[in-house]
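Taking it in order: structure first as structure tokens, then the write-up.
So you know, we letter chains A, B, ... as the sequences are listed, proteins then strands, and number each from 1.
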Protein chains: 2
Amino acid sequence: MDQRAARTALLDAAEELFYGRGVQAVGMDDIRSASGVSLKRLYQLFPAKEQLVEAYLERRDERWRIALAEYVAERSDPYERVLAVFDWLGTWFADPGFRGCAWINCYGELGAVSPGVAEQARRHKEGFRSDLRRLVEATGLPVDPLAEELHLLAEGAIVTAGLLDDADAGERARGAAARLLAARGAPVKG
Amino acid sequence: MDQRAARTALLDAAEELFYGRGVQAVGMDDIRSASGVSLKRLYQLFPAKEQLVEAYLERRDERWRIALAEYVAERSDPYERVLAVFDWLGTWFADPGFRGCAWINCYGELGAVSPGVAEQARRHKEGFRSDLRRLVEATGLPVDPLAEELHLLAEGAIVTAGLLDDADAGERARGAAARLLAARGAPVKG
DNA sequence: CACGAGGGAGAACGATCGTTCTCCACAGCG
DNA sequence: CGCTGTGGAGAACGATCGTTCTCCCTCGTG
């Protein structure tokens with residue numbers, strides 16, 4: 001197994017374990033067992049646990065936002081694209097492994113104690129917000145404050161789905177989003 | 001110092017430290033120093049750290065929701081009362097000690113590992129949601145799905161204010177809430 | 001004063017865990 | 001075959017921290 005494969009195996013194991021149980025509940029030894037990579041190699045690639053956590057968040061951010069973008073790109077109508085964000089959230093919430101937002105969870109766990117983790121969480125949320133803003137721009141509607149409002153709905157749905165196990169939060173957010181779009185002049189479905 | 005005063009001192013210290021730094025970053029010794037209560041007494045009142053954490057969340061929930069209710073009760077118009085929830089969130093976000101939602105943070109930190117903490121977080125969020133629902137009921141507007149939508153906005157504002165340091169999230173959520181209310185037939189200010 | 005109960009201060013204990021070190025197997029190469 | 005260095009397995013180390021224990025002081029009571 002070369003360095004590249006080891007790195008991938010480590011990040012895969014880290015993602016599954018950290019997301020599922022929380023960072024502090026997972027030891028480096030658990031990562032080792034789950035990945036099959038020796039501790040020596042682990043510490044060569046990630047000299048401290050914190051760096052593994054940050055790398056996990058960074059890679060997940062990339063994947064998460066790309067998956068969202070691909071899902072959205074399946075629609076052609078710009079309004080539908082905006083609403084598809086909420087559909088996608090709904091499919092995420094329905095995933096059996098769903099356990100809330102990885103970045104919110106990590107921020108709660110380590111944000112006060114690890115600037116790097118706090119930064120990753122901030123970056124992810126800002127990235128998501130600007131992705132959403134771009135989708136709103138494409139509709140031609142006035143972006144402010146519409147995009148921010150839709151972002152609040154999305155974040156609210158994520159947190160509610162995670163904490164209250166409320167998988168319908170996506171649909172409900174979609175409904176509210178449609179109403180806000182209509183209030184701003186989007187053509188209403190008939 | 002009698003038992004009652006010791007309990008209060010402990011919960012005060014726990015609240016300040018746990019909220020400010022996260023639960024796992026605070027040792028029982030820190031609680032002892034900050035409260036002035038001896039370890040022996042601490043363990044008499046809270047036989048394990050987890051119970052102190054749960055008691056902290058429970059007392060904070062009570063205070064938080066009462067403070068919100070009192071703020072809201074200063075207005076008499078039922079629509080204004082609903083919107084006042086978002087004003088109150090805005091004042092909370094502006095507090096210099098604001099560091100996001102205590103329950104979301106604790107859930108991220110311990111939710112996967114401590115059922116008691118997960119339960120407290122769930123209870124708080126459900127309590128908040130039903131408080132909001134009652135305020136919407138008082139307007140006479142159809143409650144579903146309006147109340148849920150407003151709840152998503154509020155949660156989104158809380159999480160965004162915490163993570164992105166965005167103190168204006170309250171105002172923005174208030175704007176969106178006003179629009180959703182208007183779309184459901186509330187009389188518009190003019 | 002004797003004495004026992006209760007409480008405070010802080011040492012001690014035991015477990016966990018991030019990180020490093022030791023030891024060994026084995027492959028490449030003369 | 002011997003030498004060398006890379007890497008794996010897992011023991012060891014050191015720190016932290018939740019929890020308990022020890023020791024001592026104090027105070028109320030006979």
Side-chain angles (χ1 to χ4, degrees), chain A residues 1-57 105-106 108-117 120, chain B residues 1-57 105-106 108-117 120:
Chain A
M1 196 194 285
D2 63 352
Q3 298 287 87
R4 182 137 203 96
R7 195 185 152 88
T8 301
L10 284 170
L11 287 174
D12 288 347
E15 180 154 6
E16 171 152 356
L17 294 173
F18 287 160
Y19 180 68
R21 295 194 220 153
V23 170
Q24 317 220 47
V26 172
M28 296 300 263
D29 234 57
D30 298 322
I31 303 277
R32 182 185 78 105
S33 312
S35 65
V37 174
S38 72
L39 277 182
K40 196 183 240 175
R41 203 102 91 108
L42 200 176
Y43 276 95
Q44 274 171 16
L45 289 162
F46 302 99
K49 189 183 188 182
E50 190 176 345
Q51 298 180 42
L52 180 59
V53 176
E54 289 173 28
Y56 142 59
L57 290 177
N105 291 345
C106 271
E109 206 173 343
L110 301 167
V113 102
S114 158
V117 168
Q120 285 297 328
Chain B
M1 196 193 283
D2 64 352
Q3 298 287 88
R4 183 138 203 96
R7 194 186 153 86
T8 302
L10 284 170
L11 288 174
D12 289 347
E15 181 154 6
E16 171 152 356
L17 294 173
F18 287 160
Y19 180 67
R21 295 194 221 154
V23 170
Q24 316 219 49
V26 172
M28 296 300 263
D29 235 57
D30 298 322
I31 303 278
R32 182 184 77 106
S33 312
S35 65
V37 174
S38 72
L39 277 182
K40 195 184 240 175
R41 202 101 90 108
L42 200 177
Y43 276 94
Q44 274 171 17
L45 290 162
F46 302 100
K49 189 183 189 183
E50 189 176 345
Q51 298 180 43
L52 180 59
V53 175
E54 289 173 28
Y56 142 60
L57 290 176
N105 291 346
C106 271
E109 204 172 346
L110 301 167
V113 101
S114 158
V117 167
Q120 285 296 329

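For the pair A:Lys49 NZ and C:dT19 C1', the interatomic distance rounds to 12 Å; values are reported in whole Å. Here C:dG18 presents its C1' atom at 13 Å from CD of A:Glu50, a figure rounded to the nearest Å. Between A:Ile31 atom CD1 and C:dT16 atom C1' the separation is 16 Å, expressed in whole Å. Whole-Å rounding puts the B:Met28 CE to D:dT19 C1' distance at 8 Å. Between A:Asp30 atom CG and C:dT16 atom P the separation is 12 Å, expressed in whole Å. What separates CD of B:Gln24 from P of C:dC17 is a distance of 10 Å, to the nearest Å. When the P atom of D:dT6 is taken as reference, atom CG of A:Leu42 falls 19 Å away, rounded to whole Å.
Note that CD of A:Glu16 and OG of A:Ser35 are 11.5 Å apart. Values are rounded to the nearest 0.5 Å. The CG atom of A:Leu10 sits 9.0 Å away from the CZ atom of A:Arg7 when rounded to the nearest 0.5 Å. Here the OH-CG distance, from A:Tyr19 to A:Leu57, works out to 12.0 Å after rounding to the nearest 0.5 Å. Distance check, rounded to the nearest 0.5 Å: CD1 of B:Ile31 to NZ of B:Lys49 gives 7.5 Å.
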Hey, what are the protein-to-nucleotides 7-11 of chain D N/O distances that come in under 3.5 Å?
residue: D:dG7; atom: N7; partner: A:Lys40; partner atom: NZ; Å: 3.3
residue: D:dG8; atom: OP1; partner: A:Arg41; partner atom: NE; Å: 3.1
residue: D:dG8; atom: OP1; partner: A:Arg41; partner atom: NH2; Å: 3.1
residue: D:dG8; atom: OP2; partner: A:Ser38; partner atom: OG; Å: 2.8
residue: D:dG8; atom: OP2; partner: A:Arg41; partner atom: NE; Å: 3.4
residue: D:dG8; atom: O6; partner: A:Lys40; partner atom: NZ; Å: 2.8

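Here the shortest heavy-atom pairing between B:Asp30 and B:Arg21 reads OD2-NH1, 3.9 Å.
Side-chain atoms of B:Glu109 come within 3.5 Å of backbone atoms of B:Val23 as a donor-acceptor pair (strictly under, hydrogens ignored).
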